[in-house]
Amino acid sequence: MKERLYRITDRLVSYARRKSPWILHMDTGGCNGCSIELFAVLTPRFDIERFGGVSKANPRHTDILLIDGAVTKKIRPRLRRIYEQTPEPKVVIAVGACAISKGIFHDAYNIDGPLDEVMPVDVYVPGCPPKPEAILQGVLKALKLWESRYTV
Amino acid sequence: MAIETILSALVYPGLVFIVFMSFLYSGFMRKVAARMQHRIGPPLWQPLLDVIKLMGKEDIRPEQSKMGFTFWPFIAMVSIATAGLLTPIAGSVPLGNSDVFVLLYFLIFGTLALYLSGFSSSNPFSVVGAVRGVVQMIGYEFPFVVSLIVSILAAGSVFPIEINNFQVYNGWISLSFPLAALAFFVSLLAKVEIPPFHVPEAHQEIVSGYYTEYTGSRLAMIIMTHMLKLFVLVSIGIVFFFGGSVSLFSFLWKSLAIVFLATLSRVVMARMRIDYVLRFCWIFGFVGLIDLARILL
Ligand code: SF4
């Protein structure tokens, strides 16, 4: 009986998770190309709200961190802090070549490593910049991961 | 008899119905707002999914937060839900008959508890948001109370259910006193923090206002409080100004019409500055006073 109750609750919560991702967008210092494509995801044409997603500018309320741009020396501690402020369970998506592998800023003096040296990254969306469709697909992939991730 | 009372307090038109309807209203609001912006929009039951999801998230309590951080959201939710139980829904009051003032006190206390939750989380953003909220309260309580007094004097009773029945027999109060109804509608928008009155949670200025620090189930409680507030105010509007309701059908269409108007305001308007909010609300308070003078003289 108890087992069954747990299972039903689990299924309910994971369904609700799949249907309600709240997103934090953070530009860590790229060329802003990815940010523009990311904003397109929120516009009527691509409309992330049809999957229940809302863009929240607050790490305390977010479930999915969408991070683009190369990690500069200045942003690195702040990025770490934003990651720690986000409540578990959470998913991190690296958007664009900069966040994945420093991209065109590869040998710049002020760049401090790709994103996955700062925080664990779950989904990579390649491209310079990736298309809005690609970002949307990344979010949907992340949802699949997030659905089965439990609170610590 | 006893079973009937309990059922009416808990199921219909009681707690379950109220919670269900408040989910429906905010889902309707989000869907209609999306359609107005040419988007597909979330499904109608999206707010329910949000709340379930938030229940399953981590509850963070900041180190600097005061003791009230843990219980104010709960108190806010409970007192707003109680206010909902004291409002007539489709011609019957879930929790038995009581006068307007109890209802008003529960409503004000619930709102205040929300802002106290902001104060107790010790984040500069939430404190600023809470201060703004309290200032805004000074603004909108005046037109709200004035418009309710007009309705009370017109119907000659302080019991919401009698005002409801008065309107059913004698026509809409908002038709004979349109200015008071206008003042009421403005204060409704301000009370549920619908644009142009979303000053306390201004997303572009102060992260999320007074509930910046909240996560998990407490955030779910705060969101529930917002939705319940929308429901309670819409049903107060129906009872006091928009013709009352005896059947579920008239209750539904009137409330959805009011929610639709509120959505229109949400989509069309930009945010006001806090001092403008104060001035704007007080102007509508004085507009409501004209109707009060008409009734008294
Ligand atoms: S990946 Fe390309 S488009 Fe995106 S921020 Fe870097 S340089 Fe700009």
Side-chain angles (χ1 to χ4, degrees), chain A residues 6-26 39-65 78 81-91 132 136 143 146-152, chain B residues 23 26-27 29-63 65 69 117-118 121 123 125-126 129 201-220 222-223 267:
Chain A
Y6 280 149
R7 216 165 48 233
I8 290 173
T9 329
D10 269 1
R11 208 174 285 164
L12 193 68
V13 169
S14 63
Y15 177 75
R17 274 187 193 160
R18 192 166 68 232
K19 290 290 185 182
S20 150
W22 288 0
I23 286 165
L24 175 90
H25 161 229
M26 169 118 186
F39 291 133
V41 173
L42 307 175
T43 53
R45 191 177 176 91
F46 298 101
D47 184 26
I48 196 141
E49 206 180 357
R50 70 198 150 117
F51 304 115
V54 182
S55 170
K56 296 259 170 187
N58 181 354
R60 290 279 195 225
H61 299 179
T62 44
D63 314 310
I64 293 186
L65 292 164
R78 282 136 186 127
R81 203 159 144 191
I82 281 190
Y83 179 75
E84 272 155 15
Q85 276 174 343
T86 313
E88 291 288 342
K90 58 196 164 194
V91 180
L136 212 51
L143 285 182
W146 185 47
E147 189 189 315
S148 52
R149 195 167 281 184
Y150 294 108
T151 340
V152 281
Chain B
F23 281 133
S26 23
M29 194 172 219
R30 278 175 74 173
K31 186 82 187 169
V32 171
R35 294 306 299 155
M36 283 176 185
Q37 294 166 343
H38 281 262
R39 290 185 287 124
I40 295 172
L44 208 55
W45 53 90
Q46 184 64 43
L48 178 65
L49 297 176
D50 286 350
V51 167
I52 293 175
K53 177 206 73 176
L54 285 173
M55 292 290 187
K57 287 211 69 163
E58 187 187 4
D59 238 337
I60 298 176
R61 190 185 161 187
E63 224 169 82
S65 65
F69 187 83
S117 74
S121 57
N123 182 313
F125 294 119
S126 28
E201 50 180 297
H203 291 293
Q204 294 88 352
E205 299 162 19
I206 42 171
V207 185
S208 302
Y210 52 89
Y211 57 98
T212 301
E213 284 288 349
Y214 281 94
T215 60
S217 51
R218 297 207 184 94
L219 179 61
I222 286 180
I223 287 174
V267 173

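We name chains A, B, ... by the order of the sequence lines, and we start the count at 1 in each one.
To the nearest 0.5 angstrom, A:Thr86 atom OG1 is 7.5 Å from B:Lys57 atom NZ. Here B:His38 contributes atom NE2 and A:Thr43 contributes atom OG1; the two are 13.5 Å apart, rounded to the nearest 0.5 Å. Atom CE of B:Met55 is separated from atom CG of A:Leu12 by 11.0 Å, given to the nearest 0.5 angstrom. To the nearest 0.5 Å, atom CZ of residue A:Arg60 and atom CG of residue B:Asn123 are 8.0 Å apart.
Both tests pass for B:Lys53 against the ring of A:Trp22: distance under 6.0 Å to the centre and angle within 45° of the axis.
The part of B:Gln46 that comes within reach of chain A is its side chain, from C-beta onward, which places non-hydrogen atoms under 4.5 angstrom from that chain. Residue contact with chain B, scored on non-hydrogen atoms closer than 4.5 Å, involves the backbone of A:Thr62 exclusively. With a 4.5 Å cut-off on non-hydrogen atoms, B:Ile223 touches chain A through its side chain but not through its backbone. Of the two parts of B:Phe125, neither the backbone nor the side chain holds a non-hydrogen atom closer than 4.5 Å to a non-hydrogen atom of chain A. Contacts of A:Phe46 with chain B are absent, with no heavy-atom separation under 4.5 Å from either backbone or side chain. Of the two parts of B:Leu54, only the side chain, counted from C-beta on, holds a non-hydrogen atom closer than 4.5 Å to a non-hydrogen atom of chain A.
Contact annotation: the side chain of A:Arg50 never approaches that of B:Pro42 to less than 4.5 Å [non-hydrogen atoms, C-beta and beyond]. Between A:Val54 and B:Arg30, some side-chain heavy-atom pair lies under the 4.5 Å cut-off.
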Next item on the list: Show the numbers, then the answer: is there a ring-ring contact (aromatic ring centres under 6.0 Å, His included) between A:His61 and B:Tyr214?
Entry: CA-CA 7 Å; A:His61 299 179; B:Tyr214 281 94; 8.6 Å; no
Next item on the list: Please lay out, stage by stage, how B:Ile52 and A:Lys19 fare under the test side chain to side chain contact (heavy atoms under 4.5 Å, CB included).
Entry: CA-CA 10 Å; B:Ile52 293 175; A:Lys19 290 290 185 182; over 6 Å; no
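Among B:Val51, B:Asp50, B:Ile60, the residue with the largest count of heavy-atom pairs under 4.5 Å with chain A is B:Asp50. Taking A:Gly52, A:Pro21, A:Pro59 one by one and counting their heavy-atom pairs under 4.5 Å with chain B, the maximum is reached by A:Gly52. The greatest number of non-hydrogen atom pairs below 4.5 Å with chain B, out of A:Arg45, A:Gln85, A:Arg18, A:Glu49, is found for A:Glu49.
When every heavy atom of B:Gly56 is checked against every heavy atom of A:Pro89, the shortest pair comes out as O-CD, 4.0 Å.
At least one donor-acceptor pair under 3.5 Å links the side chain of A:Asp47 to the backbone N or O of B:Ile40. Proximity of a side-chain donor or acceptor of A:Arg17 to a complementary backbone N or O of B:Leu49 within less than 3.5 Å is not detected. The backbone N or O of A:Glu88 sits less than 3.5 Å from a side-chain atom of B:Glu58, completing a donor-acceptor pair.
By the neighbour-count criterion of 12 heavy atoms within 6.0 Å, atom CZ of A:Arg81 is sparsely surrounded, having that number or fewer from other residues, nucleotides or ligands.
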